[in-house]
Amino acid sequence: MPVLTNLRVARVFEQVADLLEARGESPFKIQAYRRVARSLERLEEDIHLLDAEGRLTDIPGVGKEIEKKIREILRTGKLGYLERLKAELPGVLTLMEIPGVGPKTAYRLTTELGIRTIEDLEAALAKGDEFWARVPRFTPHLVDNIRRGLEAYRRRSPRLPLGQATIFFEELRHTLVRAGVSRVEPAGSLRRYEETVGDLDLVVVFPNAEDLARRLTGSPEVELAETAGPGWVRVRLASGLSVDVYVVDEAGFGAAWVWATGNRDHLEGLQARLGAAGYTLTEHGLVGLDGIPLPVAEEGVIYELAGLPYIPPEVRGGRDEFAPDVARRLAELVGLTDIRGDLQSHTDWSDGSAPLEVMVQAAAERGLEYLAISDHSAGRGNARGLDVGRLAAQREVIAALNEELDRRGIRVRVLAGIEVDIRADGHLDLPAEALKALDVVVGSLHTALTQSRDRVTERLLRAIRTGLVDILGHPTARLIGTREPVDFDREAVFRAAVEAGVALEINANPERLDLNAEDIRRAREFGAQFAINTDAHYPSNFDLMKFGVMTARKAWVRRDEVINTRPLAELREWLRRRRR
DNA sequence: ATTTGCCGAAATTAGCTTTGCATAAAGCT
């Protein structure tokens, strides 16, 4: 799990890099800051600890200057250098929040047009095409792109992507434990694995809500903690995130947990069934016909009383979980323990942080039976993508590693793979012979993500019909809250994938969750097969698998629809058959 | 700004796509 402090410091350096880039400084200086930001994001140790031990310069890319800056941030919470840059380049970072507006465009908007806020930009866009036609280098295409980016920005809710919410939750869990609570559990949209989370909801065991609010008030990351009702503490974190804490005793935990988890439609359906049996679920617990509260420690009791099987949180959506055949469907759902292997992962051969052997070991430690190494292809220049020669060399390394694993009696097997770029016209980034020599080919979009619907559709169909792609990687290329999904004809592409025997990836990275639950539902209608992959770039990323599995479960994906639930021999069979 | 290599200075990640212009630059990842 990434460390929140490290992420905050990384963010500061990202902003420094953005502003330096806006101003047109040396690319190498910019790169130096970006590199450190990425190192920090991937660092498992809290930099407070590294600082205390004088080991900050052990971090890749950290030298004397950046070490000083990290210390300043840790000490004061700010970086004077960044504050100065912000003052010299007002509005640039704000405008860069808009998808499609990079450092250069933001710089030109601020300097050439005096636009500094989102509202300024909206006003300028409202002036229409005649206005923009008079501004040099703001072509209709660029202006249109900005307009669409702004719409996406406006649509974007202040909700946190699931991965970030999880990190905040883990931090808060520690704070609550330090404050003396004996149990902390997530609830609300976080527990339901919704792709974004608005407020954090959680349930804790503690004797007294007022007392808990008082204890939390002293914590550094807590801005405000107050009781908002009986057994209910509302917390605002310094990050601005708002948290509802339900304070209960163990005896009533189950009922409170169901209530706090929701969602609203699910609770409504549940209420109807409980009501038929003579019970009411309230904010304060379960109440019998006689109006007497009944302590319920376990969630399962509630579902039993409602005449339902236990409904796991991720499928509490209010629509499908009340169907008569739900018990059978639940039994068939793919689960984390069904996943036998991971079919997309990166190493330091391209943009991963760890050597191949380390990634394999991390996969083995997590009980995976197989791991596909799928580094980027050469088209990802920035990721040091593999060309034909390096790919062949890596294949040999993998073959040797498999022999060694075999000798040492270690079960995990390594599949030689690639994440090959699907180029703007649908051609693959490597020749057919190179791809045919591999065990598994993941084909992904990484460039030209603003193409029209028709072009993307044609492009994907073409890639699918090469017969060389086994898995369509993160099919929409979205980044939750940052980059919109590409637009394509879902039906045409999903049908073509089914016909060609191409599996659709459910990318488990919580910044992607791609396909999302809605697209997965759609794809299932056409009989699609899925691969749930972490797309790991460093060892602890393998822990992200649960996010992918939960997303699949939200769309009621059965384990037999997921190719990486198959034992290795069967998977190999599937890959071979697809290639005929 | 950092690393490498060597003690001060050079090298550092690179190709694809689009656009505007007609061969090259900017932006993106």
Side-chain angles (χ1 to χ4, degrees), chain A residues 12-14 16-40 56-70 72 79 81-82 85 92 95-96 98-109 112 132-133 135-146 148-149 346 348-353 375-388 390 419-430 444-452 455-456 459 463 473-474 477-479 482-484 486 511-512 535 537:
Chain A
V12 170
F13 290 135
E14 265 313 328
V16 168
D18 286 340
L19 290 173
L20 293 177
E21 192 174 352
R23 207 162 64 176
E25 299 253 355
S26 152
F28 301 113
K29 194 166 166 178
I30 298 162
Q31 176 199 327
Y33 282 105
R34 291 211 199 284
R35 177 154 181 253
V36 170
R38 208 170 65 158
S39 288
L40 290 173
L56 284 177
T57 48
D58 289 357
I59 301 168
V62 176
K64 255 173 40 191
E65 288 303 310
I66 293 187
E67 181 190 35
K68 255 194 288 186
K69 292 184 169 76
I70 294 177
E72 184 188 337
L79 181 64
Y81 182 51
L82 175 62
L85 284 170
V92 169
L95 296 175
M96 279 184 64
I98 298 163
V101 176
K104 298 286 182 189
T105 306
Y107 182 74
R108 282 164 51 197
L109 286 169
E112 293 170 24
W132 291 95
V135 188
R137 291 180 303 167
F138 277 93
T139 60
H141 182 88
L142 176 58
V143 174
D144 198 47
N145 215 18
I146 295 172
R148 271 183 290 131
H346 298 261
D348 62 6
W349 282 65
S350 68
D351 64 348
S353 309
D375 276 306
H376 287 285
S377 59
R380 304 281 68 231
N382 60 325
R384 298 194 312 119
L386 275 57
D387 59 17
V388 173
R390 288 181 71 218
E419 183 182 14
V420 64
D421 255 39
I422 299 171
R423 303 239 287 251
D425 63 355
H427 273 110
L428 301 179
D429 193 35
L430 285 168
S444 304
L445 303 180
H446 291 111
T447 53
L449 301 178
T450 56
Q451 285 177 334
S452 69
R455 278 190 75 183
V456 178
R459 178 184 182 188
H474 48 70
R478 73 153 174 181
L479 294 173
T482 306
R483 186 168 68 209
E484 291 289 290
V486 292
E511 286 172 23
R512 290 192 183 272
D535 197 0
H537 281 67

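Every chain is numbered from 1, with letters handed out A, B, ... down the list of sequences.
- For dT17(B), neither phosphate oxygen OP1 nor OP2 lies less than 4.0 angstrom from any side-chain nitrogen or oxygen of Arg459(A).
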Heavy-atom protein contacts under 4.0 Å, nucleotides 3-11 of chain B, coded B base, S sugar-phosphate only, - none: S--------
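- Using a 3.5 Å distance cut-off with no hydrogens or angles, the side chains of Glu67(A) and Thr57(A) do not pair a donor with an acceptor.
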Trace of the side-chain contact (heavy atoms from CB on, under 4.5 Å) decision for Val92(A) with Leu19(A): CA-CA 7 Å; Val92(A) 169; Leu19(A) 290 173; 3.8 Å; yes
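- Remark: the His376(A) side chain and the Asp421(A) side chain contain no N/O donor-acceptor pair separated by less than 3.5 Å.
- Side-chain proximity of Lys69(A) to dT17(B), dA1(B), dG27(B): nearest is dA1(B).
- With P as the reference atom, dA9(B) and dA22(B) are 42 Å apart, rounded to whole Å.
- Rounded to an integer number of Å, the gap from His446(A) NE2 to dT17(B) P is 13 Å.
- Rounded to whole Å, atom C1' of dC16(B) lies 11 Å from atom CD of Gln451(A).
- The side chain of Arg483(A) contributes an N or O atom lying less than 4.0 Å from OP1 or OP2 of dT29(B).
- One C1' atom belongs to dA10(B), the other to dC6(B), and the distance between them is 11 Å to the nearest Å.
- Arg455(A) comes within 4.0 angstrom of sugar-phosphate atoms only, judged by non-hydrogen atoms across all strands, and of no base.
- Within the nucleic acid shown, Lys68(A) has no heavy atom closer than 4.0 Å to any nucleic acid atom.
- Rounded to an integer number of Å, the gap from Trp132(A) CH2 to dT19(B) C1' is 17 Å.
- When each of dC28(B), dA1(B), dT18(B) is scored by its nearest atom to the side-chain atoms of Pro103(A), the top-ranked nucleotide is dC28(B).
- As judged by a 4.0 angstrom heavy-atom cut-off over every strand, Gln31(A) is placed among the base-contacting residues.
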